[in-house]
Amino acid sequence: MKIAINGAGIAGPTLAWWLAEHGHEAVLVEHAPSLRSGGYIVDFWGLGYDIAEKMGLVSQIRERGYQVGEVRFVDERGRKAGGFDTGVFGRMTKGRFTSVRRSDISAIVHDAIADRCETIFGDSIARIEEHGGGVRVGFEREAERDFDLVVGADGLHSRVRSLAFGEQARFEKFLGYHVAAFEVAGYEPRDELVYVSHSAPGLQVSRFSMRDDRTLFLFVFHDEHFSGKPPRDDAERRAELNRIFGGVGWECPQILAAMEQAGDIYFDRVSQIRTEQWTKGRVALAGDAAACVSLLAGEGTGLAIAEAYVLAGELHRAGGDFPRAFGKYERRLMPFVRRKQEGAAKFASSFAPRTATGIFIRNIATKLMRIPFVADRLIGNDLRDDIELPEYGE
Ligand SMILES: Cc1cc2nc3c(=O)[nH]c(=O)nc-3n(C[C@H](O)[C@H](O)[C@H](O)COP(=O)(O)OP(=O)(O)OC[C@H]3O[C@@H](n4cnc5c(N)ncnc54)[C@H](O)[C@@H]3O)c2cc1C
């Protein structure tokens, strides 16, 4: 089959890789002019890790990853107020855990498929017209083409989902927070392999030192602090972050000053996508487009990879019977991913507590996590993937 995939993030290239393994032809369409570089760091383990291993990509991912040693919560004067040793992640996953830039995983997977599939950069699927034997796909720039199937792997704000399933508002569950991220070079201080974080009510700012003298900053803030006007460019994003975090202690003034030299500031709502179907006619969704779990799940990358793997595998097993494959894809994964979404939504208030008391309690709870037994009990459940995926074979 010939399959158009909108989005070359995580789910898109993974799907293209597995489709090629099973003898299908994929065309990736990516809105950005080239693969996105930089950006935020994701924790990577579980299903995604296992599948990346089947693809022979784990050593490259680990090479670019970081083995974070500690999550440290600090007060407004930088004194340690809570946190935990991240050994629990290693213990619970038998060392199969790393933290790595999202864009590095994307590039590693894309490199592994680039010579077996066409990627159209700087374009987007803009029209989908199903006819008896296939789909005619219109693009923003390229001429129309015919495909057997179309997959939306174009993230939280999926265009394919809007075209085939309906407007985003119908499916978006906003979790009450916003997130921003950027990186700069030369920031001091650095605390190697420590994720350092400071909270004020409804606000959280964190930093993580990376290779090549770079530092990643992550801001999370509750909706009550937001102006309500989504910023349209980096200048407006800077202005919004300055307004919201301007009065916050710790290194915030210095971080906001460093932001002046940052380009490509990520800024979005913390939302999930909850749909009743991941497929419709000849169109399927995968990754955040289908079922964004949000950063609060800490597993969206792995789930995007798992969805791509299962979708390609079920298409392979079903021979040309794509409706059967689509049904199996949904039944196998939708209930599991919904449980992950529900867990993540519950976690929202402890991630960036909205009151001083909430911050105090969170800090105490994380101190208790220094006891390995407590840490394993508290985090173990979230790290477990209670699902077995099939081997789809030749
Ligand atoms: C701050 C933050 C922290 C996170 N932390 C973690 C974590 O610790 N662990 C974890 O596993 N996950 C984490 N996630 C979630 C993870 O990043 C996503 O779940 C994952 O990237 C989903 O992959 P995807 O391929 O579905 O979408 P994306 O990675 O978003 O890729 C979508 C691609 O589609 C492209 N695109 C968008 N619109 C169009 C269009 N119209 N036409 C063509 N292309 C288009 C985009 O440019 C992009 O390349 C985090 C997310 C955020 C925001």
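Counting starts at 1 for both ligands and their atoms, following the listed order. Throughout, numbering of the chain's residues begins at 1 and tracks the sequence.
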Considering both backbone and side-chain atoms of [X], is one of its nitrogen or oxygen atoms within less than 3.5 Å of a nitrogen or oxygen in ligand 1?
X      : answer
Ile10  : yes
Ala286 : no
Gly300 : yes
Ala304 : no
Ser294 : no
Asn6   : yes

Before accepting this row, confirm whether a basic side-chain N of the pair [X]/[Y] lies closer than 4.0 Å to the acidic partner's carboxylate O.
X      : Y      : answer
Lys54  : Glu21  : no
Glu130 : Arg136 : no
Asp154 : Arg161 : no
Glu53  : Arg96  : yes
Glu70  : Lys80  : yes
Glu192 : Arg190 : yes
Asp191 : Arg72  : yes
Arg269 : Glu172 : yes

Mark up the atoms of ligand 1 that fall under 4.0 Å of a heavy atom belonging to [X], in ascending order.
X      : answer
Gly287 : 26 (O)
Leu218 : 1 (C)
Ser124 : 40 (C), 41 (N), 42 (N)
Ala153 : 32 (C), 33 (C), 34 (O)
His31  : 39 (C), 40 (C), 42 (N), 43 (C), 44 (N), 45 (C)

Say you draw a straight line from CZ of Phe351 to CG of Leu175; how long is it, rounded to the nearest 0.5 Å? 11.5 Å

Using only heavy-atom distances, determine whether the side chains of [X] and [Y] contain a donor-acceptor pair under 3.5 Å.
X      : Y      : value
Tyr177 : Arg354 : no
Thr119 : His110 : yes
Asp288 : His157 : no
Tyr40  : Glu183 : no

Classify the contact between [X] and ligand 1 as side chain, backbone, both or neither, using a heavy-atom distance cut-off of under 4.0 Å.
X      : answer
Val29  : backbone
Asp123 : backbone
Ser106 : neither
Arg159 : side chain
His157 : neither

Identify the protein heavy atom lying closest to [atom], giving its residue, its atom name and the separation to 0.1 Å.
atom                    : result
atom 16 (C) of ligand 1 : Thr301 OG1, 3.5 Å
atom 49 (O) of ligand 1 : Glu30 OE1, 2.7 Å
atom 50 (C) of ligand 1 : Tyr40 CE1, 3.5 Å
atom 28 (P) of ligand 1 : Arg102 NH1, 3.5 Å
atom 36 (N) of ligand 1 : Asp154 CB, 3.9 Å
atom 31 (O) of ligand 1 : Gly9 CA, 3.3 Å
atom 13 (C) of ligand 1 : Val42 CG1, 3.4 Å
atom 8 (O) of ligand 1  : Asp43 N, 2.7 Å

Quick check on [X] - does any of its heavy atoms sit under 4.0 Å from an atom of ligand 1?
X      : answer
Tyr266 : yes
Asp268 : no
Ala8   : yes

Cation-aromatic face contact Arg77/Trp250, 6.0 Å, 45 degrees: no

Using the six-membered ring of Tyr66, assess whether NZ or CZ of Arg211 lies under 6.0 Å from its centre and within 45 degrees of the ring axis. yes

Within the structure provided, determine whether Val137 and Asp146 are in side-chain contact (heavy-atom separation under 4.5 Å). no

Among Asp288, Leu295, Thr14, Ile41, closest by any non-hydrogen atom to atom 18 (C) of ligand 1: Asp288

